[in-house]
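Before any comments, here is the structure.
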2 protein chains.
Amino acid sequence: MEKVKVGVVGCGTVGTGTVKLLLENASVIEQRTGIRFELVKVADRDWDRPRPFEVPERLRTTDYREVLKEADVVVELVGGKEFAKKLLLEAIELGKCTVTANKHLLAEEGREIFRAAQKRGVFLGFEAAVGGGIPVIKALREGLVGNRIKSILGILNGTTNYILTRMYEEGLSFEEALNEARRLGYAEADPTLDVDGWDAAHKITLLATLAYGSFVEFSSVFVEGIRKVEHLDVELGKELGYTLKLLAIAKERDGEVEVRVHPTFIPSDEALAKVSGVYNAVMIEGDFVGKTMFYGQGAGSLPTASAVVSDVVQAGVFLRKGGLVPRVDWSGRPLKLTQNFYSRYYLRFSVPDRPGVLAAVARVLADFNISIASVLQKEKACKIAGNDSPVVPLVILTHKAYEQDVRKALERVKSLPVVEKEPVLIRVEEEAY
Amino acid sequence: MEKVKVGVVGCGTVGTGTVKLLLENASVIEQRTGIRFELVKVADRDWDRPRPFEVPERLRTTDYREVLKEADVVVELVGGKEFAKKLLLEAIELGKCTVTANKHLLAEEGREIFRAAQKRGVFLGFEAAVGGGIPVIKALREGLVGNRIKSILGILNGTTNYILTRMYEEGLSFEEALNEARRLGYAEADPTLDVDGWDAAHKITLLATLAYGSFVEFSSVFVEGIRKVEHLDVELGKELGYTLKLLAIAKERDGEVEVRVHPTFIPSDEALAKVSGVYNAVMIEGDFVGKTMFYGQGAGSLPTASAVVSDVVQAGVFLRKGGLVPRVDWSGRPLKLTQNFYSRYYLRFSVPDRPGVLAAVARVLADFNISIASVLQKEKACKIAGNDSPVVPLVILTHKAYEQDVRKALERVKSLPVVEKEPVLIRVEEEAY
C-alpha cells in the first residue's frame with residue numbers, strides 16, 4: 001500500500017472540516033485510489049478556540065514548519081495574503097505538492113505562485129477556491145478540456161445571493177437583508193469582500209484565467225457590488241420576468257474577453273435564476289459541449305473540505321503515480337480585456353408623469369444607436385428616497401448594445417430637464433439557459 | 001512535444017463529432033496539456049452515408065484492425081454489444097488505452113471489460129456513456145472522491161424527458177408527445193430503449209457501480225418506463241405542485257442500496273423539475289459536499305464528443321505522464337440491492353363519488369402502517385378510458401413507506417367493491433433540492 005502524508009496549516013472553518021474528512025473518510029479514499037492518505041500534522045496558532053470537531057492532540061502543532069517537514073502534501077488554509085504566500089512559496093520550494101482555498105491570494109498574486117509550482121514541477125490545487133464543494137475547476141480543466149470556452153456565468157458568492165434572494169422573495173431592503181444574513185452567520189461583521197463583489201471577482205478571475213489560458217489582471221476586472229441595489233428595481237425586474245443576481249461573467253467575443261462582476265437581471269425561468277440562498281452555480285458554455293451547469297454549496301466547512309480533499313487526492317496520485325502538472329497560463333498570449341461590454345441593459349429613469357418624456361428619452365437612445373426592446377412605465381407615482389416630488393419610474397429594456405454607447409446616452413439623458421435623479425443601469429443576461 | 005495517436009472505430013453521430021473535435025480543437029488541447037493528440041485513423045463500414053462533417057480521405061478505413069495497429073488510444077463508438085465487446089477486449093489485450101460511450105455494453109457486460117483493463121493496467125474511459133457532455137463520471141470519481149455517496153438522482157434520458165416535458169407543458173398525451181419527439185429526431189423509430197427506461201437504467205447502473213464500488217447486477221435494477229403514464233396523472237400532479245420525471249435513482253440506506261428507474265413526481269420548484277426538453281441533470285449527494293448538481297446536454301454529436309475527448313486526453317496523459325488506473329469495483333464487498341424501496345407514494349384510485357369510499361381506502365392504508373400526507377378528491381367525475389361509469393379520481397399522497405407494504409395495501413384496496421380499475425402508483429422524491 002502506497003502512502004501519502006498530508007499536513008494542514010490553518011485550522012479554522014475549512015481546516016477543521018478538512019481534518020474531519022481526512023480522518024473519517026480515509027478508508028473510502030484508500031479503497032477508491034489504492035493510496036493511503038495519512039494526516040500527519042495540523043498547524044494553528046490557537047488551539048483553545050472552540051471547534052465543531054476535535055483535532056486529536058497528537059496532530060496539533062503551533063509551528064507550521066513541522067507541517068512542511070513532515071508532509072508530502074501541504075494544505076494552506078490560513079487565508080489572508082502575506083503569510084499564506086510565504087507558506088505556499090516555501091512549500092513549493094521544498095518540492096511539496098500544495099493545496100489552497102485562497103482565492104484572494106491567487107487572484108491578486110497568483111502569477112508568482114503558479115509559476116513557482118510549474119517551474120518546480122509540483123502540483124498546486126485550488127479547487128476549493130471557487131464554488132466551495134462544486135468540482136468546477138476540474139470540470140473546466142479536464143472535463144471540458146476539448147472545448148474552447150465561449151462564456152462562464154457564475155453565482156459565486158453565497159452571502160450576496162442570500163441577500164438578493166431575500167430581497168426578491170420577501171421584499172426586504174438591502175439593509176434588512178444584510179442584517180438578517182449577519183444574524184444567520186452568512187455575512188461577516190465587515191461584509192465588504194462579499195457585498196462589494198470582490199470575492200466573486202477573485203473567483204471569476206481564476207476561472208477566466210483557466211478558461212482562456214492567460215493570467216487575468218485582477219485590477220482590470222470590472223467589479224460592481226450590490227450595496228446600491230434598490231428594492232424598487234428588484235420589484236420592477238420581477239414584474240418584467242427577471243431575477244436580480246450578482247453574476248460573475250467571463251466571455252470571449254472577437255478575440256477580446258470581458259471579465260466582470262455586477263448585479264444582473266436574468267430571466268426568472270432560467271436555471272441560474274432559481275439558484276437561491278447560499279448556493280452557488282456556474283454555467284459554462286463550450287463550443288462543443290454547449291451549455292453545462294454545476295451547482296452546489298459554495299461555502300461552509302464540510303463542502304469546502306470536500307473540494308480541498310479532492311485536490312489532496314490528485315496531488316497524492318501525482319506524487320505516487322505521476323500525471324500532469326496542469327498549466328495555468330497556456331495560451332502564450334496576453335489576454336485582451338475590454339471594458340466596452342456588449343450586453344442588454346435595464347435602464348430606469350425617474351421622470352414626471354407627463355407627455356413627451358418617453359419620446360425625449362427614446363430619442364437620445366436612438367441617437368446612440370441603442371435599440372429599445374421593451375418599456376415599462378408605471379402609472380402610479382412612486383416616492384423616491386431623497387425626492388419629494390412625485391415621479392414615476394420609466395424602465396427601458398434595450399437590445400444588445402455597447403456599454404460605451406449606453407453610458408454616453410445616459411449622460412445625455414441626465415441633461416434632459418425632465419429627468420430627475422441619477423438613472424439606474426442594470427445589465428441583463430439572457431443566455432444563462 | 002509528446003504525441004499520442006488516437007484512432008476511432010465507428011463514425012456515426014458521436015464518432016463524427018469526435019473526429020471534428022479532434023481535428024478542429026487539437027491546438028487548444030495541445031496548449032492546455034502539452035501533449036499533441038493526433039487523429040491517425042477512423043474506421044467505419046460505410047463511408048458513403050452522409051455526415052455533417054467530412055472525414056478526410058487519408059484518415060478513413062473500413063478495417064478496424066488498422067486502428068488497433070496504429071493508435072495508442074482506441075475509441076469505440078460502434079454501439080451495440082457483440083462487436084464492440086470484441087473490439088474493446090482486443091484493444092485492451094494489445095495494451096491500448098480505450099475510450100467508449102457504450103452504456104448498454106458496460107452496464108450489462110462491463111465486469112469482464114473493466115477487469116481486463118484493470119488487469120492489463122490500461123485506462124478505460126467511459127465519461128460519454130452517462131449524461132452526454134456533462135462531466136459527471138469525473139465529478140463522481142475525482143471531484144467528490146472524499147465523500148461517501150448518499151444518493152444519486154438523475155434525469156438521464158433526453159427522449160423521455162422531452163416527452164414528459166411536452167405532456168406537462170402542453171397537455172399532450174404520451175402518444176402525441178412520442179410522435180412529436182419522433183418527428184423532431186429525438187426518438188428512434190423503435191423507442192423501446194428510451195421509453196421503457198432501459199437507457200436510463202444502463203446509466204444509473206454505471207453511476208451506482210462507481211458510487212458504491214461494487215458491480216451492480218443490471219438484471220436486479222428496478223425499471224419502469226413511461227409508456228403507461230396517463231395524462232390525468234401528469235395533470236393531477238401538477239395541481240398538487242409536482243412535476244413528473246423519469247428519474248434514475250441510486251441511494252444507500254442502512255447498508256442496502258436501491259437502484260431504480262421509474263416515473264417520479266418531484267416538487268415543481270426544485271431544480272431537477274426545471275430540467276426540461278432533451279437536457280440531462282444529475283444530483284449527487286455526498287456526506288461532506290451535500291447536494292451538488294450537474295446539468296447539460298445528455299446526447300447529441302458535439303456534446304458527447306466533448307466527453308469522449310476528455311477521456312482521450314486523460315488516456316493520453318496516463319500514457320505519457322502516468323497516473324491512476326481508476327478502480328471500478330473497489331469496495332471488496334458485493335452490493336446488497338433491495339427491492340423494498342422506502343419512498344413517498346402518489347396513489348390514484350378510481351372510485352365512485354359517494355360517502356365512505358375515502359374512509360374505506362384510508363382504513364386499508366392504516367392497516368399496513370402507511371401514513372397519509374394529503375388527499376385530493378376531485379368533485380367532477382372523469383371519464384376514464386375503458387370505463388363508462390362516471391368515477392372520480394381519488395389521489396392519496398403518503399408519507400415515506402416501504403414499497404412492500406404499499407403493494408400489499410394496494411392488493412387489499414383492489415379487492416374493495418368500491419374501487420374500479422387498477423390503482424395508479426407513482427413514487428415521489430422530495431430531496432432533489
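Numbers restart at 1 for each chain; the letters A, B, ... are given by sequence-line order, proteins then strands.
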Quiz item: Roughly how far, to the nearest 0.5 Å, is CD1 of B/I134 from CZ of A/F294?
Solution: 8.0 Å
Self-check item: Choice from A/A26, A/P135, A/G323, A/G332 maximising heavy atom contacts with chain B below 4.5 Å
Solution: A/G323
Exercise. Could you grab the distance from atom CH2 of B/W330 to atom CD of A/E30, nearest 0.5 Å is fine?
Key: 12.0 Å
Quiz item: Closest approach of B/N147 and A/S306, non-hydrogen atoms and distance?
Solution: ND2-OG, 2.8 Å
Quiz item: How about A/K20 and B/F288: do any of their side-chain heavy atoms sit closer than 4.5 Å?
Solution: yes
Quiz prompt | Minimum side-chain heavy-atom gap B/E24-A/R148 below 4.5 Å | solution = no
Exercise. Could you check which of B/V289, B/D311, B/T292 has the highest count of heavy-atom pairs closer than 4.5 Å to chain A?
Key: B/V289
Quiz item: Mind checking whether A/R32 and B/R141 have side chains closer than 4.5 Å, heavy atoms only?
Solution: no
Quiz item: Do you know which of A/L324, A/L21, A/I35 has the most heavy-atom pairs with chain B at a distance under 4.5 angstrom?
Solution: A/L21
Exercise. Identify which part of B/E127 has an atom lying under 4.5 Å from any heavy atom of chain A, answering side chain, backbone, both or neither.
Key: neither
Quiz prompt | Spacing of CE belonging to A/M283 relative to OH belonging to B/Y295, to within rounding of 0.5 Å | solution = 9.5 Å
Quiz prompt | Non-hydrogen atoms of A/R327 and B/T33 that approach each other most closely | solution = NE-C, 4.4 Å
Practice problem: Could you tell me which of B/G296, B/G133, B/S310 has the largest number of non-hydrogen atom pairs under 4.5 Å with chain A? | Solution: B/S310
Quiz item: Among B/S331, B/P326, B/A307, B/G290, who wins on heavy-atom pairs under 4.5 Å with chain A?
Solution: B/S331
Practice problem: Heavy atoms only, distances under 4.5 angstrom: which of B/N25, B/L144, B/V145, B/V309 has the most pairs with chain A? Name it, please. | Solution: B/N25
Exercise. Could you tell me which of B/G34, B/G17, B/S27, B/A139 has the largest number of non-hydrogen atom pairs under 4.5 Å with chain A?
Key: B/G34
Self-check item: Test item: A/E142 and B/K138 side chains (from C-beta on) under 4.5 Å apart, heavy atoms
Solution: yes
